[in-house]
Amino acid sequence: MITMKDIIREGNPTLREVAEEVVLPLSDEDIKLGEEMMEFLHNSQDPVKAEELGLRGGVGLAAPQLDISKRIIAVHVPSGDLENPEPTLSAVMYNPKILSHSVQDACLGEGEGCLSVDREVPGYVVRHNKITLSYVDASGVKQKIRLKNYEAIVVQHEIDHLNGVMFYDHINQENPYALKDGVLVIE
Ligand SMILES: O=CN(O)CCNC(=O)c1cccc(Cl)c1Cl
Ligand code: NI
């Protein structure tokens, strides 16, 4: 089971590498890894388990954060509405690729955080508001989906990890809250 001790932190060179595409058909090892990554997200979002296991909450995880330089990500975005337990996006994605994106940019009003960064880094992380994404799912089936707003932001944070990019690389050093005209701030 993945816990915080398995997550590498800033300074580990793996976080700055471009990860390797996963070989298809998926190996049992890569399928199991994806399952463990998803289990971590579930545990991290469960108050009892997160407390028991000492987990920081996360809505996404990328294999390089486990010191595994493979293009595998897991995302589990809760609906945020306690009435509706269904997550708005829950998937393990192999070889995810952004095929196209909106001209419209967006950022989270609260900024971003990262399990591989043991500090707060304030500021707007400007990303694409909408993306068209292809990936291979855990069954080996090629998927093509369109995402927007929070779900699109989370997936871009994870794909950045596959390319050695950290969320704070996008923050304006002079003025972390500088915004170009027309950037959507998602609260
Ligand atoms: O790479 C994944 N992590 O580091 C997990 C911890 N961060 C988050 O869950 C998180 C928090 C805020 C905004 C975004 Cl976009 C994300 Cl992804
Ligand atoms: Ni991260």
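Index from 1, following the sequence. All figures in this text were calculated on a predicted structure; none of them were measured in a lab. We count ligands from 1, going down the list as the structure has it; atoms in each ligand are counted the same way. Just so it is clear, the values below take in all heavy atoms, side chains as well, and ignore hydrogens, waters and symmetry mates.
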A62 touching ligand 1 at heavy-atom level, < 4.0 angstrom: no

Winner among G113, G58, S116 once heavy atoms are compared against atom 7 (N) of ligand 1: G113

Numbering as shown, the atoms of ligand 1 that approach H161 to under 4.0 Å (heavy-atom distance): 1 (O)

Atom 17 (Cl) of ligand 1: nearest protein contact (heavy atom, Å): E158 OE2, 3.4 Å

Minimum-distance protein heavy atom relative to atom 3 (N) of ligand 1: G60 O, 3.5 Å

Region of Q65 that comes within reach of ligand 1 [heavy atoms, distance under 4.0 Å]: side chain

Donor-acceptor pair between T14 and S69 side chains, under 3.5 angstrom: no

Part of L108 within contact of ligand 1 (heavy atoms, under 4.0 Å): side chain

Short side-chain donor-acceptor distance under 3.5 Å, N129 and D105: no

Result of checking T3, L115, L41 against L55 for side-chain contact (heavy atoms from CB on, under 4.5 Å): T3

Close approach, Q156 and ligand 1, non-hydrogen under 4.0 angstrom: no

Vertex the Ni ion (ligand 2), arms to H157 NE2 and C114 SG, rounded to 10°: 120°

Atom 9 (O) of ligand 1: the protein heavy-atom neighbour that sits closest, reported with distance to 0.1 Å: V59 N, 2.9 Å

Contact partition for R56 relative to ligand 1, non-hydrogen atoms under 4.0 Å: neither

Distance-only side-chain donor-acceptor flag, H76 / S90, under 3.5 Å: yes

Minimal non-hydrogen separation, L108 against Y124, with atom names: O-CD2, 3.8 Å

Test applied, side chain to side chain donor-acceptor pair (under 3.5 Å); reference residue, R127; option that passes from H101, Q156, E112: E112

Least distance between heavy atoms, R71 atom then V18 atom: NH1-CG1, 3.7 Å

Heavy atom of the protein closest to atom 4 (O) of ligand 1 (residue, atom name, distance): L115 N, 2.8 Å

Heavy-atom closest contact (M38 atom, V75 atom, distance): CE-O, 3.4 Å

